[in-house]
Amino acid sequence: MSMHVIIAGGGIVGCMTAMELAGRGCRVTIVERGQIASQMSGESSWAGGGILFPLLPWMYGDAVNRLTISGTKLYPAICERLKQETGIDTELQQCGMLILPPFDREKALAWCRDYDFAAQGASAAAFGVQSPGGDEALWLPGVSQTRPPYVMRALRKWLEQNGVTLLERTELKPLEGAGSLRAWETVSGEKLQADKFVVTSGAWSFDLLKETASKLKIKPMRGQILLYQPRKNLEHMVYREGFYMIPRKDGLLLAGSTLEDVGFDPATTEQARDELSAKAEAVMPTLKGLPIIKHWSGLRPGTPENLPAIAAHPQIENLYLNTGHFRYGLTMAPGSAKIVAALICGEQPFIDPTPFACPV
Ligand SMILES: Cc1cc2nc3c(=O)[nH]c(=O)nc-3n(C[C@H](O)[C@H](O)[C@H](O)COP(=O)(O)OP(=O)(O)OC[C@H]3O[C@@H](n4cnc5c(N)ncnc54)[C@H](O)[C@@H]3O)c2cc1C
């Protein structure tokens, strides 16, 4: 009999983990409180912008960079496979990103050299955007994006087609105790048995683990995004001082995002709407007066230094963690899923997992 693995949470991290495990011949069940590939109360994956690159990677440590770069490299094959096997186009495109000043040019260029990532000095005006901090921008042609709701929809279909059980509207209770986990109890009292278990519950992971991994630091960090339909869209992503704009293939334009420490509150706010629209209009004055056609939020699984936990649980021998990807879970998910699947199946992970150990 093949190994049965229960995955707790059906966001991008849970779904990609399921894909990896199914590919290794495991029997897989995803247990999801809400509905996979939709957003009910703040789940992060549907809400993300879909930039497959860290915002200013030179601000992060090497472990974060290795994981995000691995994800960036794995996406084209995954998206192609999803398209071939589900018919759903995830809109992966290498449209590049323009970084507007102020930013640390020396650090940026050194990082691009060290990681062999193409970078060119560029004029913001030549890209058709306003740059209140000066015209000398940095053009990163290798940055890609994908469309998270489409990725989630495609993953869901692929998992269904490949025999993964999706147990939705089913909420798991927090874990207690040590040793080995035989069954994980749901809030309605059902006991779900498996050989191994993985926590991929995003911002809610610490709630499930606080009795058994009290040093794990994961907390919700809300992000809000606005959606416009400009008359003439950008052709590239643009970043300025923590704010970014992402043009989609169908002419829509995302403007985001906020970074708010407000607990598990998935509300959207007028204040964020005003702040984000002012930032968007400063870069693209033609947005002034246009309606905001959608405004949403998501709760990121926030962690110190953006370091996820991808590891065996320190006390429960058949429990694993794949959580806390904070601002870059969409980018990191493919590499992270490969690491945790290797740990579960007793293989050597393709990246050294030591930096992602669960704190004890
Ligand atoms: C505004 C915004 C913009 C972003 N932009 C980007 C970007 O451009 N690029 C990038 O790489 N990343 C981006 N991110 C970050 C990215 O979205 C997250 O890091 C990633 O989605 C986390 O995935 P996850 O699967 O861990 O969490 P989630 O998607 O939140 O999934 C966790 C799942 O677990 C379920 N769950 C929780 N508790 C239980 C329970 N007790 N029982 C059963 N199920 C449970 C939840 O319902 C949820 O579906 C952005 C995030 C936000 C909010």
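Note that the structure is predicted; figures quoted are calculated from it, not measured. Counting starts at 1 for both ligands and their atoms, in listed order.
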Closest by any non-hydrogen atom to atom 30 (O) of ligand 1: pick that one out of Gly42, Ser44, Gly14.
Ser44
Any idea which atoms of ligand 1 are less than 4.0 Å away from a heavy-atom of Ile51?
7 (C), 8 (O), 9 (N), 10 (C), 11 (O)
Provide the number and element of each atom of ligand 1 under 4.0 Å from a heavy atom of Thr331.
9 (N), 10 (C), 11 (O)
Would you compute the distance between atom CE of Met245 and atom OH of Tyr228 and round it to the nearest 0.5 angstrom?
8.5 Å
Please round to the nearest 0.5 Å and tell me the distance separating atom CG of Leu253 and atom CE of Met237.
12.0 Å
Do Leu259 and Arg300 have side chains that get closer than 4.5 Å, going by heavy atoms?
yes
If we number the atoms of ligand 1 from 1 as shown, the ones under 4.0 Å from a heavy atom of Val31 are 43 (C), 44 (N)
Heavy atoms only, cut-off 4.0 Å: how does Tyr244 contact ligand 1, side chain, backbone, both, or neither?
side chain
Under 4.0 Å from any heavy atom of Gly50, which atoms of ligand 1 are there?
7 (C), 8 (O)
Part of Thr170 within contact of ligand 1 (heavy atoms, under 4.0 Å):
backbone
Min N/O separation Glu32 to ligand 1 under 3.5 Å
yes
Rounded distance [0.5 Å steps], CG in Leu276 versus OH in Tyr244
9.0 Å
Nearest neighbour of atom 23 (O) of ligand 1 from the list Ser45, Gly329, Gly11, Pro266, on a heavy-atom basis
Ser45
Counting heavy atoms only, which part of Trp46 comes closer than 4.0 Å to ligand 1: side chain, backbone, both or neither?
neither
Judged on heavy-atom distance to atom 50 (C) of ligand 1, which of Gly298, Pro174, Gly48 sits nearest?
Gly48
Who's closest to atom 32 (C) of ligand 1 heavy-atom-wise, of Ser201, Ala8, Gly9?
Ser201
Got a second to check how far Leu254's CG is from Leu252's CG, nearest 0.5 Å?
8.0 Å
Starting at OG of Ser144, measure out to CG of Leu52 and round the result to the nearest 0.5 Å.
6.0 Å
Using a 4.0 Å heavy-atom cut-off, which part of Asp207 comes near ligand 1: side chain, backbone, both, or neither?
neither
If you measure every N/O of Leu330 against every N/O of ligand 1, is any gap under 3.5 Å?
yes
Considering only NZ, NE, NH1 and NH2 on the basic side and carboxylate oxygens on the acidic side, decide whether Arg24 and Glu20 come within less than 4.0 Å.
yes
Has ligand 1 got any nitrogen or oxygen that is less than 3.5 angstrom from a nitrogen or oxygen of Gly223?
no
Before we go on, tell me: are the rings of Tyr320 and His313 under 6.0 Å apart, centre to centre?
no
Do the side chains of Glu168 and Arg156 get close enough for a salt bridge, i.e. N-O under 4.0 angstrom?
yes
Examine the proximity of ligand 1 to Arg327 and report which part, side chain or backbone, both or neither, has a heavy atom under 4.0 Å away.
backbone
Looking only at heavy atoms, is any part of Ile225 under 4.0 Å from ligand 1, and if so is it the side chain, the backbone, or both, or is it neither?
side chain
Regarding ligand 1, does Pro301 bring an N or O atom to under 3.5 Å of one of the ligand's N or O atoms?
no
Contacting atoms of ligand 1, where contact means under 4.0 angstrom from a heavy atom of Val13
23 (O), 24 (P), 25 (O), 26 (O)
Geometry only, no angles: is Ser257 polar-contacting ligand 1 at N/O separations under 3.5 Å?
no
Kindly say whether the aromatic ring centers of Phe117 and Phe53 come within a distance under 6.0 Å.
yes
Regarding Arg222 and Glu260, does a basic nitrogen lie under 4.0 Å from an acidic carboxylate oxygen?
yes
